[in-house]
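Take a look at the structure set out below.
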Amino acid sequence: MFKTIVVPIDLAEPDSSGRALNAAIQMARDYDATMHVVTVVPDMGMSIVGGYFPEGFEQKALDETKDRLKAYLEDLVPGDVKVKGHVMHGSIYEQILRTADQLSADLIVMASHRPAMRDYLLGPNAARVVRHARQSVLVVRE
């Protein structure tokens with residue numbers, strides 16, 4: 001049923017990301033699917049913001065995130081599961097959707113926290129992914 005599963009994770013939230021990863025691992029095993037684990041380094045938004053950071057800051061952040069993602073996957077994904085890691089850069093929900101489309105994913109498995117009042121006003125990334133994804137989306141709650 002599912003052959004390509006995209007799993008967005010937040011390396012800063014290992015508990016909630018871990019629950020989504022575990023659900024995706026089980027589905028990847030059940031369907032002999034490939035997991036594509038995606039983490040997104042947010043961009044700085046307006047160029048004026050970037051002026052406050054040292055030159056090369058974004059590239060350094062991307063390189064460090066690649067190393068962290070590789071270690072995360074080596075530690076948590078069993079050897080019998082096909083997995084590929086992807087570090088993206090930009091708007092979180094836009095990069096998740098773009099990656100899922102580029103990979104022709106069948107399913108997105110992602111974590112979500114219980115919404116706070118600010119989430120109702122701004123809309124969390126999970127809600128945006130659910131709303132705009134062409135793929136099925138499984139949201140794993142706390």
Side-chain angles (χ1 to χ4, degrees), residues 1-50 52-54 56-142:
M1 181 171 194
F2 301 114
K3 289 297 175 195
T4 305
I5 302 171
V6 170
V7 187
I9 62 159
D10 181 349
L11 292 170
E13 295 288 337
D15 289 340
S16 64
S17 292
R19 283 188 289 278
L21 183 69
N22 288 336
I25 286 170
Q26 187 59 53
M27 294 184 89
R29 282 179 168 152
D30 291 347
Y31 296 108
D32 192 32
T34 300
M35 285 189 340
H36 292 269
V37 179
V38 177
T39 192
V40 181
V41 175
D43 62 12
M44 294 184 188
M46 299 183 314
S47 60
I48 192 169
V49 174
Y52 289 98
F53 291 90
F57 177 81
E58 282 183 303
Q59 187 58 52
K60 183 178 177 187
L62 288 166
D63 293 341
E64 288 176 2
T65 302
K66 286 177 188 175
D67 293 341
R68 288 180 60 207
L69 179 60
K70 182 179 178 189
Y72 180 88
L73 296 176
E74 287 172 354
D75 288 346
L76 298 176
V77 178
D80 65 323
V81 176
K82 295 176 278 192
V83 64
K84 295 180 181 176
H86 304 268
V87 175
M88 310 307 291
H89 183 237
S91 164
I92 295 170
Y93 80 94
E94 288 175 356
Q95 291 302 319
I96 293 167
L97 295 171
R98 181 175 292 127
T99 301
D101 288 345
Q102 287 175 345
L103 295 170
S104 299
D106 307 303
L107 176 67
I108 300 170
V109 177
M110 65 187 304
S112 181
H113 59 279
R114 188 154 308 282
M117 181 53 80
R118 65 181 165 82
D119 293 328
Y120 289 111
L121 300 174
L122 299 175
N125 288 307
R128 289 178 177 167
V129 170
V130 168
R131 194 174 311 125
H132 298 287
R134 293 185 178 109
Q135 301 78 8
S136 296
V137 180
L138 171 62
V139 178
V140 179
R141 289 268 189 196
E142 295 176 353

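- Of all heavy-atom pairs spanning Val41 and Val87, the tightest one is CG2-CG1, 4.1 Å.
- Residues passing the ring-ring contact (aromatic ring centres under 6.0 Å, His included) test with Phe2, sequence neighbours excluded: Tyr31.
- Among pairs with a residue in residues 18-28, those fulfilling side chain to side chain donor-acceptor pair (under 3.5 Å) read Gln26-Asp30, at least two apart in sequence or across chains.
- Here the straight-line distance linking atom CG of Leu21 with atom CD1 of Ile5 works out to 10.5 Å at 0.5 Å rounding.
- A donor-acceptor distance shorter than 3.5 angstrom exists from the side chain of Thr39 to the backbone of Ile9, with no hydrogens or angles considered.
- For Asp75, the salt bridge (charged side-chain N to carboxylate O under 4.0 Å, His left out) criterion is met by no residue, not counting sequence neighbours.
- Across Leu62 and Met88, no two heavy atoms sit closer than the pair CD2-O, 4.1 Å.
- In terms of heavy atoms, Val77 sits closest to Ile25 at CA-CD1, 4.2 Å.
- Among residues at least two apart or in separate chains, side chain to side chain donor-acceptor pair (under 3.5 Å) pairs with a member in residues 61-72 are Gln59-Asp63.
- For Gln95, the side chain to side chain donor-acceptor pair (under 3.5 Å) criterion is met by no residue, not counting sequence neighbours.
- With sequence neighbours left out, Ser91 forms a side-chain contact (heavy atoms from CB on, under 4.5 Å) with Tyr93, Glu94.
- Listed by chain and number, the residues in a side chain to side chain donor-acceptor pair (under 3.5 Å) with Asp15 amount to none (sequence neighbours excluded).
- Under the side-chain contact (heavy atoms from CB on, under 4.5 Å) criterion, Val130 pairs with Val137, Val139, not counting sequence neighbours.
- When all heavy atoms of Ile92 and Val40 are compared, the pair lying nearest together is CA-CG1, 3.9 Å.
- Nearest approach of Ala28 to Met35, heavy atoms of both residues: CB-CG, 3.8 Å.
- Legend: residues meeting side chain to side chain donor-acceptor pair (under 3.5 Å) with Arg98, ordered by chain and number and at least two apart, are absent.
- Scored by the side-chain contact (heavy atoms from CB on, under 4.5 Å) test, Ala23 finds Val109, Val140 as partners (sequence neighbours excluded).
- For Ala100, the side-chain contact (heavy atoms from CB on, under 4.5 Å) partners are Val6, Ala105, Ile108, Gln135, not counting sequence neighbours.
- How far OG1 of Thr99 is from NE2 of His36: 10.0 Å, rounded to the nearest 0.5 Å.
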Exercise for the section: Take Asp32 and Lys82 through the side chain to side chain contact (heavy atoms under 4.5 Å, CB included) test and state the conclusion after the steps. Expected result: CA-CA 8 Å; Asp32 192 32; Lys82 295 176 278 192; 3.3 Å; yes
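- When all heavy atoms are compared, the tightest approach of Asp106 to Lys3 is OD2-N, 2.5 Å.
- Residues satisfying the side chain to side chain donor-acceptor pair (under 3.5 Å) test with Lys84, not counting sequence neighbours, are none.
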Exercise for the section: Determine, step by step, whether Ile96 and Met110 satisfy the side chain to side chain contact (heavy atoms under 4.5 Å, CB included) criterion, reporting the C-alpha distance in whole Å, the side-chain angles of both residues, the deciding distance to 0.1 Å, and the verdict. Expected result: CA-CA 10 Å; Ile96 293 167; Met110 65 187 304; 4.2 Å; yes
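- One N or O on the side chain of Ser17 and one on the backbone of Asp10 form a donor-acceptor pair closer than 3.5 Å.
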